[in-house]
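Residue numbers start from 1 in every chain, and the chains themselves are labelled A, B, ... in the order their sequence lines are given, proteins ahead of strands.
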Amino acid sequence: MTDTARPMTSVHLSDSSRGRLRRRYARERNFKIVSVSALVLTAVFLVILLGSVVLNGWSGFLTTKLRLEVTYSAEHVDVDNPANGNFRMIVLDGLRERFPDVTERRALRALLGIVSNQGAWDVRDALLDNPSLAGTSRELWLPAATEVDMLNKGYVDRSAPEELRLIDDRTIAWVDALEQDGDLATVFNWTFLASGDSREPELAGVGGAVLGSFWILLVTFVVSFPTGVGAAVFLEEFAPKRRWVDIIEVNINNLAAVPSIVFGLLGLAVFLNVMHLPRSAPVVGGLTLALMTLPTIIITTRAALKGIPPSIRDAALAVGASEVQVVSHFLLPLAMPRILTGAIIGMARALGESAPLLMVGMVAFVVDLPSGPTDPATALPVQVFLWADSPERGFVEKTSAAIMVLLVFLIAMNGLAVYLRQRFEIRW
Amino acid sequence: MILTLVLVCLAVAVFLAGRRKAVSLTGGRTSVLHSRPVYHGFYVALACGLPAMSLWFLVLLAGDWMIDRTVVAALPGELREASGPVLQRFLNDAETLAGGGVPTIGITPELEAAAASFSHLTLLKHWIGFGAALGLGLIAAGLAMRRIDISRRTRQPVERVLLVVLLALAAISVLTTAGIVFSVLFEAIRFFDEVPFLDFLFGVKWSPQIALREDQVGSSGAFGAVPLFTGTLLITLIAMLVAGPVGLLSAVYLTEYADPRLRATAKPILEILAGIPTVVYGFFAALVVAPALREAGAGIGLDVASESALAAGLVMGMMIIPFVSSLTDDALAAVPADLRDASLGLGATQQETVTRVIIPAALPGIVAGFLLAVSRAIGETMIVVMAAGLAANLTANPLEAVTTVTVQIVTLLVGDQEFDSAKTLAAFALGLTLFLVTLGLNIVALRMVQKYQEQYD
Amino acid sequence: MVEAAATRDAPRVKMRTRGLKLWYGDKQALAGIDLDVAEHQVTALIGPSGCGKTTFLKCLNRMTDTINDVTTEGSVTLDDVDIRDRSVDVVQLRARVGMVFQKPNPFPKTVYDNIAYGPRIHGLAANRRELDDIVESSLRRAGLWEEVQGRLGDLATGMSGGQQQRLCIARSIAVAPEVILMDEPCSALDPISTARIEELIDDLRTKYTIVIVTHNLQQAARVSQMTAFFHLGRLIEVNGTAELFQSPAESMTEDYITGRFG
């Protein structure tokens, strides 16, 4: 067989092949551009999402206060019983003195409206702290009403026609006058971090919701962690490889993908309607979320146990440890960093979860801070949901600020998980 | 509560005593024991704690029932023969009063008498029950202590008890599933007693509010779930149209093109996106996306509903991107490097290798990931509750408002509802549908993933 | 026979490397290789594990590009053109210098689609008939046609290991390469499949230039005309196969082929 007919140059060097190659490279380039833009788009989404939250929310951590000279006149305060004074009138008198030309009754009511309802309470507290103030005058910084707060933060469009505005021209003039004299200040909003919910945006805080979330997560962790680890140890180390173990396994994997709202239905039907646990209590929310978190913990624990090389097991068994001892002395301690990492991530997910909590009635309007797992409470994400539904302009920034608080907690938890993973994980 | 703690303390004390005895038996050379001293401790602690605790909890559970019976027996005739709910309310009030609370009805002499007997009997129950439990525990502990011996095999029984406990913990996950199935199924069946199954499944009119009026309870025309299903599907479809291509392509870029440093930064970004609570996405949809779409629509002369399916779908798509991307990433990474080399070795470009070899090879894994994403989108609640409407429109127009299964579940159940109304029961029927559909999708997807992994093992 | 004699007398150099060095990160894997690969001959690369023979093979069609953190130096020419030059396209190069891997790696597609993959991407067939022809002739040349003729639509991953490897050879033939690189093509196969592939390599030599990495010295002796011995990233000795095995010039080569190390 001779092969002299073979062309000296390869088909791959022909002109048509070269042209084709150019087209193939064009396709390659386009494909790369399209796929990198998908990634960029994702990043852009993230930036817009977080950006809009931060832009809307940073001012939620600030609040407007106004300086007012108030007089604890004998007319409104009884020296022997200072707690029972008419402090609203004291505030009004202070305002009247500040704006002497306001005399008409409706105008006076509007004038009183620039100070938050909390103002009268602050005036009272100042007196209770220092009873010798009775009969004297005092300059106090009082919280402004939400409309003034909005105006001060620049959320009111002054050029809009008056009837479309939240706040009328007259009030704007008062606020401007206060500002000109340096009687208006923007300060950090401790109330927002410390207090519970309120109907007034300027008084509403995430403190109650944070505590509620804390109790919920505590219950969730206490229930789901030992249960999940125990179940995983059984399935991974002791369960005979039989059919029903397979069924449990399939069941756990499916349970992990069941929509969270279905767990809420379960919580409603079992914990509230059958067991008659209190509605709106963290214990019910925590139990519901524990059932939801359980599969995650079982799955990560099993993965952590699987990740330990069999040689450790063999070595421990060879020195005469019983199977239980192998697990409790060697496997669990070795797997613990990964188990904890998984558990923290599971807890972070539970912290962000709101749908099941809606089902078990944790949407109540709760003003007081919950002091235990059976007190009525709400959770941070549910608080976000509730405020997002509120029509007042002042709640928009509160909602975003509450989201920022929620995200800070989530980032902290995930950061802790990453730290644990990197610090303690043993690579085999 | 405190009494329970006392019992726990007893068990701990017995544990310490058992361990001490085991150690002292050997005179310090614990190696002669068959089982470690700890096991002897656990052995007696279990022997003491298990019966005592069981008895105690039995007393706590059965005691209340017995107290109720005793109190009822002592009631005047007309109250005793009152209907179930009235009697129950009376008993609850008596219990509240006994606990120092304020009852819902006025305080009557009967109520006060009942309350007094309540507190009396409860005290009695506690002390008798506790005494019995304590006694039982001590006797059992004494017996077990006497059995401690150098050659006593205490490890095996202790480990056996431990295994039973672990088995019980593993069974909780199954009980959860059973709980879901039964609680949801039970209420759903009650719903289907009032509303025919087929009317629910194929009816096109959904308006549960009408059924609240007393003259129209369970009016069958109002519980047709088809608009809910189509609304859910429409939003899911929009979400997948966003998340499918974007998630797939970003995974392709990350696995096939990106250098390790970019990968190391991009992965955490995706994880952040995945970790953001859905309520945040919901707020974003309602506050930013929906108004923006509405304005954009007005700009080109389209009428976009303020709670359009498009806004909810787009944002849900954003939420699912990291989910799709990470599952696709796993599927692509599982394709053996051999195939990549084979294709490149034949002179294929990277793009040809990806689209003609790697994606087809990873297809089962990718499809499974998409199915899981669909299941997630169907079950997602907060975004649609906040950004999609309540209007049960039967439409395929993404610019109109639609409602979804999850939105309706939330609307029907949030707030104080009478639990027996057709309205609340309908939520469970919807929940059952949701559970079954997502379960089906998950089972199919997990099967596919499993088969796919086996293929390349 | 005239052709064959001419080749033996004046073997044209198809590929040539000069001073080829390669590093994985800081670790040098090739320390200046000068080797000529003669056209229409089988050149065997032998040596102990980790001696750099597979790395060297991958340099010949720049499969090294796909590994992160690799730097190379020196020249590799194909028909006297440096393949590391900017003007040479890697896709085109790999079409001309095909590769068969250690482990059979058919795509999870049908037998037909496996073979047709290369011609399709390179546009070698104008229509379905031509493509059918390429598939058939490639399978025939790989000696697989009789076995798979009726099963072209079956999944290639269901075939036996030996068949899969011949399919992979057919798959690279279908692209009409000039050189075929084989990286221990028989190491994962049983003796009977190995024998068939060795026969096949001998047949293919008439049309292609072949470079084969092998661990098996008998195989090198059976299939190759030239043998190169690598050790620790250096080319110790290269010669006609018969000469190298009978009278190695270097003592290290002798130690290796007599089984004293490696």
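Proximity to chain C at a heavy-atom threshold of 4.5 Å picks out nothing from residues 274-282 of chain B. Residues of residues 59-73 of chain C lying within less than 4.5 angstrom of chain B, judged on heavy atoms, are C/Asn61, C/Met63, C/Thr66, C/Asn68 in numerical order.
In this structure, the salt bridge (Lys or Arg N to Asp or Glu O under 4.0 Å) partners of C/Arg120, at least two apart in sequence or on a different chain, are C/Asp113.
Listed for the C/Asn105 side chain is a donor-acceptor partner under 3.5 Å among the backbone atoms of B/Asp338. Proximity of a side-chain donor or acceptor of C/His122 to a complementary backbone N or O of B/Leu346 within less than 3.5 Å is detected. The closest donor-acceptor contact from the side chain of C/Lys109 to the backbone of B/Arg356 lies under 3.5 Å.
Proximity to chain B (any heavy atom under 4.5 Å) is shown, for C/Lys58, by neither the backbone nor the side chain. Only the backbone of C/Pro106 comes within contact range of chain B, with at least one heavy atom under 4.5 Å from a heavy atom of that chain. Proximity to chain B (any heavy atom under 4.5 Å) is shown, for C/Val90, by neither the backbone nor the side chain. For B/Asp259, no part lies under 4.5 angstrom from a heavy atom of chain C.
Taking each heavy atom of C/Val91 and B/Gly347 in turn, the nearest pair found is CG1-O, 3.0 Å.
Every pair passing ring pair (Phe, Tyr, Trp, His ring centres under 6.0 Å) that includes a residue from residues 67-116 of chain C is listed here, sequence neighbours excluded: C/Phe107-C/Tyr117.
In this structure, B/Arg447 places its CZ atom where only 12 or fewer heavy-atom neighbours from other residues, nucleotides or ligands lie under 6.0 Å away.
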